[in-house]
Amino acid sequence: GSTNAPAGRPSARGASNPPRGGGAIAPSKGIAGGKKATRQVRAVHAHVVQAITRAEDEIMDTHRHHITLKMSGIKEEISALRALEDADSVDEYVQKVRGVLTRQRDEIDDIMKKLTGLQLSLIHI
């Protein structure tokens with residue numbers, strides 16, 4: 001709904017009315033200019049929606065891949081534990097588990113960077 005709050009001042013609901021003439025799209029010149037501005041806004045909106053959808057798809061694929069790798073890592077850890085129980089080779093156990101945990105840490109660091117990048121890109125849209 002519209003409010004009667006002065007330009008640039010919060011309305012009763014707490015929303016702000018931007019100052020007139022300061023928008024990103026130049027004021028329209030009649031009906032033709034208004035239609036052009038509307039087309040521009042729709043084109044930008046479509047581009048933003050597509051970018052967000054691509055980013056969501058990428059992060060979901062990354063997360064699914066991470067879960068698959070994590071499951072594989074857990075199986076490797078179980079295998080290393082069983083091997084230690086059966087053969088008592090502590091050196092081999094330490095080497096295997098250290099490798100698995102290092103890969104998991106690197107994978108977690110990678111997905112955390114991607115999550116941060118997605119969050120920052122959404123803030124700037």
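The structure presented is a predicted model; accordingly, all values stated were derived computationally and were not measured. Because only heavy atoms are used, hydrogens play no part in the values below, and waters and symmetry mates are left out as well, while side chains stay in.
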* Are Glu58 and Arg54 ion-paired here, with the side-chain N under 4.0 Å from a carboxylate O? -> no
* Structure fact -> Which of Gln40, Lys35, Arg42 passes side chain to side chain contact (heavy atoms under 4.5 Å, CB included) with Thr38? Answer is Arg42
* Structure fact -> When rounded to the nearest 0.5 Å, the distance separating NE2 of His45 from CD of Gln50 is 11.0 Å
* To do: Verify the cluster assignment for Ile52 and Ile123: are they in a single hydrophobic cluster under the rule of side-chain heavy atoms below 4.5 Å apart?
  => no
* Asked: Taking only residues two or more places apart in sequence, or in another chain, which ones meet Met71 in a side-chain contact (heavy atoms from CB on, under 4.5 Å)?
  -> Ile67
* Distance in Å, Thr62 OG1 paired with Leu115 CG, rounded so as to fall on 0.5 Å steps -> 8.5 Å
* Asked: Can you tell me how far the CZ atom of Arg103 sits from the CD1 atom of Ile108, to the nearest 0.5 Å?
  -> 12.5 Å
* **Heavy-atom donor-acceptor pair, Ser79 side chain to Lys75 backbone, under 3.5 Å** => no
* To do: Kindly compute the distance separating OG1 (Thr116) from CD1 (Ile111), expressed to the nearest 0.5 Å.
  => 11.0 Å
* To do: Kindly compute the distance separating NZ (Lys70) from CD (Glu77), expressed to the nearest 0.5 Å.
  => 11.0 Å
* Rounded distance (nearest 0.5 Å) linking atom CD1 of Ile78 with atom CZ of Arg82 -> 6.0 Å
* In one Ile/Leu/Val/Met/Phe/Trp/Tyr side-chain cluster, 4.5 Å: Leu84, Leu101 -> yes
* **Test item: Thr68 side-chain N/O and Arg64 main-chain N/O as donor-acceptor pair under 3.5 Å** => yes
* Salt-bridge contact Asp109-Lys113 (side-chain N to carboxylate O under 4.0 Å) -> no
* Asked: What about Val94 and Val100, same hydrophobic cluster or not, with Ile/Leu/Val/Met/Phe/Trp/Tyr joined at side-chain heavy-atom distances under 4.5 Å?
  -> no
* **Heavy-atom pair with the smallest gap, counting every atom of Ala80 and Val97** => CB-CG2, 3.9 Å
* To do: Check step by step if side chain to side chain donor-acceptor pair (under 3.5 Å) holds for Gln104 and Glu76.
  => CA-CA 12 Å; Gln104 288 176 355; Glu76 287 181 64; over 6 Å; no
* Structure fact -> In terms of heavy-atom contacts, Leu118 and Ala55 come closest through CD1-CB, 3.3 Å
